[in-house]
Amino acid sequence: MSRIPKSYVGYALPTGKDARVHVELFADVLCPFSKKAYLKLKEVTEHYSQKGTPIQFKVVNAVQPWHPQSYYLTLTTAAANLLSKKKTQSDEVAFKLLDKLFQSQEEYSDENVADKTPNQITKQLVDVASEVSGLTQDEIQQQIKQDSTVVYVKGQIKYARQNAVHVTPTVAVNGLIENSVSSSWTLEQWTEFLDPILQN
């Protein structure tokens, strides 16, 4: 089994496909601060798309060890997206699932899954992924078991580690980690930061 994923890791919104400025969010799906940064960066991406100066927004899952069940959320997202992407060539399903999972973080908190086995958690997630993606539960379950899915998830985690990502969220702009970024930034603060980079 190759340890290298078959495609570049992470999920990118299609609006910034040819953009000059790339913003990568290293996020844990169960991290409340990652949720804030994710929702705000989607707003920022839409803002620049409407202005005619699109940026590429990309999410890389960086599973934190204190959120062990986050691995199953990440694995299920990868499985559903890998399947869908074969047909659509886009990460649309990943973003639909991330939207859903970030909004329902509490369902997967330690307290709410303490008495559940990994298989039970995965089954719950597969139900959600099937509803969001239109794929069958069996298709997603089979894809979860594929080596390519595990390699893809490990690839995201390794990519975060090689970039010394210790906390979530962490943001990189054009490949460089920017530690000044905060999950509490407003749209105005983001535009103040990004406008000078976007200028010719």
Side-chain angles (χ1 to χ4, degrees), residues 5 7-64 66-67 70 73-74 77-78 80-82 84-85 88-106 132-133 152-153 155-200:
S7 61
Y8 208 92
V9 296
Y11 310 116
L13 282 175
T15 50
K17 182 179 179 182
D18 300 314
R20 181 168 51 83
V21 174
H22 292 211
V23 178
E24 282 181 300
L25 174 67
F26 294 88
D28 184 304
V29 190
L30 292 181
C31 167
F33 301 104
S34 290
K35 175 182 175 180
K36 286 177 65 177
Y38 172 80
L39 294 174
K40 185 56 62 177
L41 277 167
K42 285 191 72 180
E43 181 186 347
V44 170
T45 303
E46 178 63 22
H47 167 80
Y48 282 109
S49 179
Q50 290 180 358
K51 283 185 65 177
T53 54
I55 61 172
Q56 184 184 69
F57 174 45
K58 183 177 178 183
V59 178
V60 178
N61 288 128
V63 178
Q64 297 285 25
W66 42 88
H67 294 147
S70 183
L73 278 72
T74 299
T77 301
N81 195 67
L82 287 169
S84 175
K85 198 168 184 176
T88 66
Q89 303 302 309
S90 81
D91 293 320
E92 179 184 3
V93 162
F95 279 94
K96 284 182 177 179
L97 253 177
L98 288 170
D99 286 349
K100 183 81 170 179
L101 294 173
F102 273 123
Q103 293 296 348
S104 56
Q105 278 181 338
E106 192 60 31
V132 166
S133 67
Y152 191 83
V153 170
Q156 291 190 76
I157 297 169
K158 288 177 180 178
Y159 182 57
R161 287 178 177 173
Q162 79 177 18
N163 282 287
V165 172
H166 299 296
V167 297
T168 55
T170 292
V171 172
V173 179
N174 285 346
L176 299 177
I177 300 294
E178 181 50 62
N179 290 316
S180 69
V181 170
S182 169
S183 62
S184 64
W185 272 13
T186 63
L187 175 61
E188 182 180 18
Q189 287 172 299
W190 268 109
T191 57
E192 287 176 359
F193 173 72
L194 289 173
D195 280 354
I197 304 171
L198 285 159
Q199 289 175 356
N200 292 326

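Positions are given from 1 along the sequence.
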Handout entry: Check: S90 main-chain N/O paired with Y11 side-chain donor or acceptor under 3.5 Å
Key = no

Problem - Backbone N/O of T45 and side chain of S49: donor-acceptor pair under 3.5 Å - result: no

Exercise for the section: Give a yes or no on whether Q89 atom CD has more than 12 heavy-atom contacts from other residues, nucleotides or ligands under 6.0 Å away. Expected result: yes

Practice task
Output yes when a side-chain donor or acceptor of E46 lies under 3.5 Å from a complementary backbone atom of E43, and no otherwise.
Solution key: no

Problem - All side-chain hydrogen bond (donor to acceptor under 3.5 Å, both in side chains) counterparts of S84, not counting sequence neighbours - result: none

Exercise for the section: Could you tell me the separation between the CD atom of Q64 and the NE2 atom of H166, rounded to the nearest 0.5 Å? Expected result: 10.0 Å

Practice task
Look at the aromatic rings of W185 and W190 and report parallel, tilted or perpendicular, splitting at 30° and 60°.
Solution key: perpendicular

Handout entry: Atom pair CZ/CD of F57 and E24 - distance to nearest 0.5 Å
Key = 10.0 Å

Exercise for the section: Output the distance between atom OG (S133) and atom CG (N81), rounded to the nearest 0.5 Å. Expected result: 9.5 Å

Handout entry: Residue pair N61, L98: steps toward the side chain to side chain contact (heavy atoms under 4.5 Å, CB included) verdict
Key = CA-CA 10 Å; N61 288 128; L98 288 170; 4.2 Å; yes

Exercise for the section: For V21 and Y48, run side chain to side chain contact (heavy atoms under 4.5 Å, CB included): C-alpha distance rounded to whole Å, both residues' side-chain angles, the deciding distance at 0.1 Å, then the answer. Expected result: CA-CA 11 Å; V21 174; Y48 282 109; over 6 Å; no

Practice task
Please answer whether the main-chain N or O of V29 pairs with a side-chain N or O of Q105 as donor and acceptor at a distance below 3.5 Å.
Solution key: yes

Practice task
Mark yes or no for whether Q56, through its side chain, and A19, through its backbone, hold a donor-acceptor pair below 3.5 Å.
Solution key: no

Handout entry: E92 side chain near K85 side chain, heavy-atom distance below 4.5 Å
Key = no

Practice task
Spell out, as yes or no, whether a donor-acceptor pair under 3.5 Å connects the side chain of D28 to the backbone of V63.
Solution key: no

Practice task
Step through the shown structure and confirm whether more than 12 heavy atoms of other residues, nucleotides or ligands are within 6.0 Å of CZ on R161.
Solution key: no

Practice task
Apply side chain to side chain contact (heavy atoms under 4.5 Å, CB included) to V165 and Y159, showing your working.
Solution key: CA-CA 9 Å; V165 172; Y159 182 57; over 6 Å; no

Exercise for the section: Side-chain contact test, heavy atoms from C-beta onward, threshold under 4.5 Å: evaluate it for L198 versus I55 and give yes or no. Expected result: yes

Problem - Non-hydrogen side-chain atoms of V23 and L194 separated by less than 4.5 Å - result: yes

Practice task
Please answer whether the main-chain N or O of V9 pairs with a side-chain N or O of K58 as donor and acceptor at a distance below 3.5 Å.
Solution key: yes

Handout entry: Check: R20 side chain, I197 main-chain N or O, donor-acceptor pair, under 3.5 Å
Key = yes

Problem - Any side-chain heavy-atom pair of T168 and F33 under 4.5 Å - result: no

Problem - L187 backbone acceptor or donor facing E192 side chain under 3.5 Å - result: no

